[in-house]
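A, B, ... follow the sequence lines: proteins, then strands. Residue 1 opens every chain.
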Amino acid sequence: MRSALFALMLMICSASAATAQNLQPILQSHATEVTNPSRGSVGEALDAITGSGLPQATAFLEQWSEKNIWQRDDGVFFIGVAEDETLALTDVDTRATSTAPKTDFKQLKPNGGVRRLIGTALVQFQLIDPDLTRRETAVASIARRPEAAQLAPLLASIDAETDPALRARKIQLANFLSARFADDPTSRIAAINSLAIDTSVESRAVLNQILTVKSDVTRAQPEGNIAVIHDPMDAPYAYYTTLVDASLAPAKQTAADIKRALEANIVDGRIAGFPLTQMSDPDTRKTAYAALAADGLVPVLITDELRNAALNDHVFYDLYDEPNADITAAAQAALGSVTSRVAAAQVADLTLDALSLASIFFLAAIGLAITFGVMGVINMAHGEFIMMGAYTGYVVQLFVPNYTASLIIALPLAFAVTFGAGVVMERLVIRRLYHRPLETLLATFGISIALQQIAKNIFGTQARPLTSPDWLAGAWVFNDVIQISYIRIAIFVLALMFLGLIIYILKRTRLGLEVRAVTQNPGMASSMGIDPDRINMMTFGLGSGIAGIAGVAIGLYAKVTSEMGSDYIVQSFMTVVVGGVGNVWGTLAGATMIGFGQKGIEWLNPSNTLAAQTYMILFVILFIQFRPKGIVALKGRAAGD
Amino acid sequence: MQNTFIAKNPSVLWFLLGLSLFTVIVSICSEAAGTALISTSFLKTLGKTLCLCLVAVAMDVVWGYCGILSLGHFAFFGIGGYAMGMWLMYDRTKDIVVASLENNILPATMDEITDAIGAQIFGVVGSFDFPLIWAFSHSLTLQLLAVILVPGLLALVFGWLAFRSRVAGVYLSILTQAMTLALSLYFFQNDTGLRGNNGLSGLQNIPGLETVSQATLSLWFFWASAVALAAGYLLFAWMTSGKFGSVVRAIRDNEARVRFLGYHVESYKLCIFTTTAMVAGVAGALYYPQAGIINPAEIAPMASIYLAVWVAIGGRGRLYGAVIGAAVVSLMSSWFTGGSAPDINLGIYVVQWTDWWLMLLGLTFVAVTLFFPKGIGGLFDLIPRKGDRR
Amino acid sequence: MKLRSTLLSTLSASVLCVAGSAAFAECANPIKVGVLHSLSGSMAISETTLKDAMLMLIEQQNAKGGLLGCELEAVVVDPASDWPLFAEKARELLTVNEVDVIFGNWTSVSRKSVLPVIEELNGLLFYPVQYEGEESSKNVFYTGAAPNQQAIPATDYFLEELGVEKFALLGTDYVYPRTTNNILESYLQDKGIAADDIFVNYTPFGQSDWATIVADVVALGEDGKQVGVISTINGDANIGFYKELAATGISADDIPVVAFSVGEEELSGLDTSNLVGHLAAWNYFQSAESDANTDFIAAWKAFAGEERVTNDPMEAHYIGFNMWVNAATEAGTTDVDAVRTAMYGQEFPNLTGGTAVMLPNHHLAKPVLIGEIQADGQFDIISQTTEVPGDAWTDFLTASAVLKSDWKDLGCGMYNVETETCVQLTSNY
């Protein structure tokens, strides 16, 4: 009853909406659209709200978009913020504040499409708002839904803009809008020409929007701003379908149509004289259909000849939606220039991706390059060391909430943990098996199963979050095509650092000298006073420790699960083998080859990443068959055998 | 010949006797025999275990005798299963389709039948056309040949390439593992035409034998598996004895020396690698109709590694060791992971086998490798034998 | 991880007796309910929850006096995420343990593995997970969503509410994404979206290298059309995908992503503050506001622990179990054929408000909910449809458009309406 009265009151109010001082009545008169907004229906309500010219309209729209509008049981709208079971309410007009229990209110949740429309409606208010964030929001809204009406206010706002970055952005957007919506063809063409060097997605979108076409077919010569005339023989089947859809030709009978027609013409158990039993032969079916067609009982069979004749009688063409041929020509030229730039940029981006993938493979494999490559120990549990490193990072984040600090702690800690694990494993297992490499493989595999299961029992099978600090979270953007996330750059840098470190240790330090000596001839080395046991232990520990650090990096970029190690183990071994055992440069070459190879195959068949992985492995298998010693093969005495 | 062969290998006789006895007892206890002391599902499990024993024997020959640690024999096993499964699926679906098309007014053309079968088999994975890989699936003979030939051919090509370039030892193991990974990824793709992750299912329903109950069918498959195991065991026992066997073992112990003695090492290795792959294929073809479903997860690299684990625990270099290893470890694995093993209450912590079995298996395996390289089969050496001079 | 499926049948089932408070005098043997969910292996994380949910439902029912005067007893087995083992365990449940009904399975492949066994032995299975459709078995009730109860409404939302004109269908390479994307491709083309405006990509399980794919998606915007992503990416791979999305700075306002396999569980593996506004479509969210849901969540937390969350398949089991109880009560027996007949038209209030109805095609009529990801990893429901009847055979693929499932009147799950014949009585596995 109360709400009915209220509605009545509202009707009176809304009659004089233009002079109304309050927003609430306007909202009430569009209550359905406001409470249950849909992209199709909310426009009217938005027009009414913005058209009211009320200063509180802006605030309301902003809060609505933020899902901060609540409706009381009696239909009145409030701005509200929920705290547990109570709401801190603000009146939409008077700004009076109050609190109330949440149960009497219903939250309005406009969906993404509606929020975008609200954003567009807010543009006119926000564009000249003193608050920089609001102006940025407005500009972002224009970029998302460019409209002709926005051009004038946008142009007007440029002069007063104080923020240089936003000002540049406004000029760029104004240029986009001019290219599409300016009244004067000359200024449009000028704007279009200026886009020829802009590789951004938005710029290409502007050009493509100008160049939208409609496909059509006609018997006569087509008129208007023609984009292209097609040769129907390029794809006769598809073009004939267009013809049929335009009801310019009868549909071509399918096998099912023929079957149905035959079934409809059975006379005394025969079709056109043929007994039914012969109908399992497709040729007989055709003959029978032809006979029926000759008698006029069924439509004539559309043969390929008939179809082609019909196609050649018609002109298939694309018509630009833009009537001005000069503008489309300019846009076409600009797009051509952009496209070649984009293609070059795409190659660069693909190279970056491949480089990044290669550095991930390298990072995963570099520990192995030491344990397997230099020492010749097969460690199937290498993947589990990566996993241990990643879980170390996760555990550190549990205790140190600051992501930067936790990362600084996690990296050395992961090294320490996996170094320790590696040393223990070397002493307990691998030392006893130095002359039985196949057994090492199996024993370390047993350890790998056990470690995975322990991780599962402790952390569960679910993936655990390992979050990168903010300064690693974004992406380095060169332009809209070439960009790469910071975490990938970090992995790349880390991989380079490890490469340098290992080369340095092996070539320039006493330890490296001893490692090389022990690897080449343990007997001679020990007679020179080197303790091979200690060296082996240290080397294995170093390789394992590096795997641990790699684990933190990989966990940051992908996921942390108990099975993450097995994702990398086969790949890592292949990286080392393909590159050439016994040489860190070889591992680098191997990782580069696999990374680039995989991206290359992906690029050839972008819809199926799995196929790329399969073919890459196949390629590696074949490669090893023909170059068993890998890309960088050791020569001479160092090669061992 | 047979006499001397048996005389030289008394274990073969004992094994065959044991297997026959086992088969007879199981048959008497089965549901089909009326006693139902063993449920049909357990009978299927036993039949499958026999197939696993067969592939383990093949693995033992290639690894324990020839020294090639192949991490790809379970992939051959899976290929055999797929080859068998394709015919089973095609023919079963064809029966259904033909029956449903019979009501049509016009008799169906061959194309219509093929299309309908395609829609039935591939409809569930969102496709309708028959891929090329199914070209022979209409013929049982051709698919049975494929069970042997496809793994054999794959092993032949792979082995030829690898042995020719003298890829050996751990490198070969890694390469075989890569091959297995590539194969499982390949089978995993929907585009391959083998129904991707879903694989081939309903394989326990044998076309033409719809009237036979699963209890009886399982018994038949159990027998077939037992016969296959016996035949495979005999074949390999024969291969590994005599001069051929000596050369093979010599290759394991010192490949270079054998090569210098003038033997063409690659041919011997290739022969062993290919034969065992073909036997693995046969084992797979018998296994999957009992399991009912085959999918790419079955041929993941892990499965092949477990195969090596079975053989290592059972005891390398002796065929019965492989059989024992496969039977014991696989039966124990499923018992422990099946949730029916009793939990151990330590007071402060309850050990649940589902969680801890794999760790125990892993560590057992490490221990076996380190301390008991002869495995369970090594226990038989402790039995004093008449005329044993070794 | 593949462990051979070999298990001593007599020891196979860990029989859990759930003692009820009432005395069950009328009945000598308890009614057995099979629970066939993986408790170990890769699927354990998802399926263990459903096992617990079943135990809770059975306990609640026993507290209410059981069924037909009998106590209900849960028979829990562990198929260990090993698909062939599902068939073996199902056979054991039906022949050795002689259960009256089975609640179980998560993945499609496990269901396909179980189907022949259930049909051979005339068992009864309740399957609680959203799936790709294109199947109808006399012995299975599908309480999860068919594509038209999740994918199609979400796509409509994209088309109508977000004005998406260009679609990227990203999925993990297995049967559910393949079939769903096929259906969607065909549906979108019917809606006037050109084939060129649909980008499809499949990645392996656990994919982590998403840079190129995300870049491809961004590049789709180059012709000025609104781009939207429909994701059927499964499990762990989502983590890498959302991390890459966040790193690239793609907001839900620029390129919205709707996911069909991402729930509260998956989101717990990452920081959602950069993903606010991206979407998921389900038939149930924990944040649904209804009294039934409040009670259910409270009961669940009391039973399983304060930190546990509820999810869509749990609601499916909740509805399925209660419908089964009501149907058996109506039929006066737990005999499979009698219960099946009584199931048709069963109604039960679902947890999001409204009523679920069991249709003759063994699917439910359920509402479809679309939720936006919040910074706290929960979902904010922004759209809820009325009840949508599940469709076993999609209308958007030519081969299955002519098929219809009606076990009540036609007695056939694969009925060709054009030729008016029943293609087959068993299901297509």
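Among the candidates B:Arg92, B:Glu31, B:Met89, the residue making the largest number of heavy-atom pairs closer than 4.5 Å to chain C is B:Arg92. With chain B as partner, the option from C:Glu120, C:Glu119, C:Met414 having the largest number of non-hydrogen pairs under 4.5 angstrom is C:Glu120. By number of non-hydrogen pairs under 4.5 angstrom with chain B, the leading residue of C:Leu121, C:Leu39, C:Val109 is C:Val109.
Heavy atoms of B:Gln189 lying under 4.5 Å from chain C belong to its backbone as well as its side chain. For chain B, no part of C:Ser400 is nearby; none of its heavy atoms comes within less than 4.5 Å.
A heavy-atom distance below 4.5 Å is not found between the side chains of C:Thr95 and B:Thr40. Counting heavy atoms from C-beta on, the side chains of C:Ser108 and B:Asn198 come closer than 4.5 Å. Contact of the C:Pro84 side chain with the B:Glu298 side chain is registered, since non-hydrogen atoms from C-beta on lie closer than 4.5 Å. Residues B:Asn190 and C:Asp173 form a side-chain contact, since some pair of their non-hydrogen atoms from C-beta on lies under 4.5 Å apart.
Of all heavy-atom pairs spanning C:Trp83 and B:Asn295, the tightest one is CD1-ND2, 3.0 Å. Across B:Ala291 and C:Ala87, no two heavy atoms sit closer than the pair O-CB, 4.2 Å.
Rounding to the nearest 0.5 Å gives a distance of 9.0 Å between NZ of B:Lys44 and CD of C:Glu88. Put simply, OG1 on C:Thr172 and CG on B:Asn197 are 10.0 Å apart, with the number rounded to the nearest 0.5 Å. Atom CD1 of B:Ile294 sits about 12.0 Å away from atom OG of C:Ser113, to the nearest 0.5 Å.
Surrounding NZ of B:Lys94 are at most 12 heavy atoms belonging to other residues, nucleotides or ligands under 6.0 Å away.
Among pairs with a residue in residues 102-111 of chain C, those fulfilling salt bridge (charged side-chain N to carboxylate O under 4.0 Å, His left out) read C:Arg111-C:Glu132, C:Arg111-C:Glu135, at least two apart in sequence or across chains.
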For side chain to side chain contact (heavy atoms under 4.5 Å, CB included), just list the numbers for B:Asp191 and C:Arg178, CA-CA rounded to whole Å, side-chain angles, deciding distance to a tenth of an Å, and then say yes or no.
CA-CA 10 Å; B:Asp191 296 345; C:Arg178 285 271 174 182; 3.2 Å; yes
Would you please test B:Gln120 and C:Gln424 for side chain to side chain donor-acceptor pair (under 3.5 Å) and show each step?
CA-CA 10 Å; B:Gln120 275 271 37; C:Gln424 62 172 327; 3.0 Å; yes
